[in-house]
Amino acid sequence: MAKTAQLILDGKTYELPIVEGTENEVGIDIGELLEKTGAITLDLGYKNTGATKSAITFLDGDKGILRYRGYSIEDLAAKSSFLEVAYLLIFGDLPKKDQLSTFTNDIKTHTLVHEDIKKILDGFPSTSHPMGVLASLFCAQTAFYPEALDPNRSGEGVYLSIVRSLAKMPTFAAWAYKNAVGHPVNYPDNSLDYCSRFLKMLYALPAEQFEVDPVVADALDKLLILHADHEQNCSTSTVRIVGSSKASIYSSISAGINALWGPLHGGANQEVILMLEQIKKDGGDTEKWINKAKDKNSGFRLMGFGHRVYKNFDPRAKIIKKAADDVLKKLGVNDPVLEIAIKLEEVALRDPYFIERKLYPNVDFYSGIIYRALGIPVDMFTVMFAIGRLPGWIAQWKEMRENKEPIGRPRQIYVGQKLRPYVEMSKR
Ligand code: MLT
């Protein structure tokens, strides 16, 4: 017999269907709640609300498990490449050799952006944060490829938009940075792999013979894999809800980039480094700042510790910590800010206050450190996250469309004024 949950409202019992996922997660289906009972649910921040049924990413926050399409994040980070993971997320299975090679070549074909994009870029002052520029350039693709506005676009058309998105993202990202530093932009070098191509566009100076360090490119590839999807987080939910209005893939993802920008989401990695710099400037006494973090009245919050859904540890953080150690060693990086990070991590991991509250370093803590070691400028940290998250946004947008999900339209409990008569200006 199908399982149900019972809801008693005003003495009347309602049977609500139960939905079970492949990993035995249980959801109470309230799809007909309003119609049947006249009531809605209230769940600020949607922390108890499943917004969709998805086959892309499985996450168990209690056990610290993260899987893309059934493959563990540990295996993918150790054995796969970013474009292979992108293919997996978007199309559902690991690619065969020829499939990956076609996908990679299709992406290479579209790395160049329209020259008029440069005119848009020129309109941004160098004070513009690269995330704002990235979101704008990404959305500007709707002007260059208006066919993507067709809400019924499918098959080859959607594939082309996906390939264009993955191909042009690193170009937009590097150009957003060049704009911030006032340097001329670099064009994509298609003889290079995805990460090396981006790094060359980011760093190379005019007429410079620029060689990408393979240690840096490999570390970046791993970081992008670790960020590629994270089920219904703030930016992904944004992409799905914007896409549910049948807005184009470019505008939906541009909205996701804006959602990611906030310091409580993707912007957290930038906040981590700013915090470490603040501690260094103050003399580097980590105990003092740990005590401040414990004092509710200090207004100071330890950035990059704890996570909304992981109650044990962030599995990505474990992998990234090891990667950070390897990269720091290989590159021979000696940076006082990184030393503060290591001290802070040590103190927090043995302090009962942090242990009891499950405030362990999360992915943003280590990604900030590793990006700094790789020489990525601080304002670009969240942009790096966006490059990594792109396949996840695409996969979730595609799934939402293929499932023919209805337009997202939450309800509310109104707590404002009741009807009152209009008061003339002279009488207010
Ligand atoms: C993410 O990867 O999106 C972040 O860890 C935030 C989240 O999942 O809520």
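Numbers for residues simply follow the sequence, beginning at 1. Whatever order the structure lists ligands and atoms in, that order sets their numbers, starting from 1.
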> Parallel, tilted or perpendicular for Trp289 and Phe300, by the 30°/60° rule?
Replying inline: perpendicular
> Looking at Lys318, Arg316, Lys311, which hits salt bridge (Lys or Arg N to Asp or Glu O under 4.0 Å) with Asp314?
Replying inline: Arg316
> Taking the six-membered ring for Trp, are Tyr87 and Phe103 parallel (under 30°), tilted (30 to 60°) or perpendicular (over 60°)?
Replying inline: perpendicular
> Is it true that His227 lies under 4.0 Å from ligand 1, counting heavy atoms only?
Replying inline: no
> What's the shortest distance from atom 8 (O) of ligand 1 to any protein heavy atom, and which residue and atom give it?
Replying inline: His230 ND1, 2.6 Å
> Backbone, side chain, both or neither: what part of Glu231 comes under 4.0 angstrom of ligand 1, heavy atoms only?
Replying inline: neither
> Just by modelled atom types, is the Val19 backbone N or O under 3.5 Å from a matching donor or acceptor in the Asp29 side chain?
Replying inline: no
> Of all the atoms in ligand 1, which lie at a distance below 4.0 Å from a heavy atom belonging to Asn233?
Replying inline: 3 (O), 7 (C), 8 (O), 9 (O)
>> At less than 4.0 angstrom from any non-hydrogen atom of Arg316, what atoms of ligand 1 do you find?
In response: 1 (C), 2 (O), 5 (O)
>> Distance under 4.0 Å to a non-hydrogen atom of Phe385: what atoms of ligand 1 satisfy this?
In response: 1 (C), 2 (O)
> Atoms of ligand 1 less than 4.0 Å from Arg308 heavy atoms?
Replying inline: 9 (O)
> Heavy-atom count around Lys294 NZ within 6.0 Å, excluding the residue itself: above 12?
Replying inline: yes
> Which one of Arg389, His307, Gln232 has a non-hydrogen atom at the shortest distance from atom 1 (C) of ligand 1?
Replying inline: Arg389
> What is the ring orientation for Phe172 with Phe138, classed by angle as parallel under 30°, tilted 30 to 60°, or perpendicular over 60°?
Replying inline: perpendicular
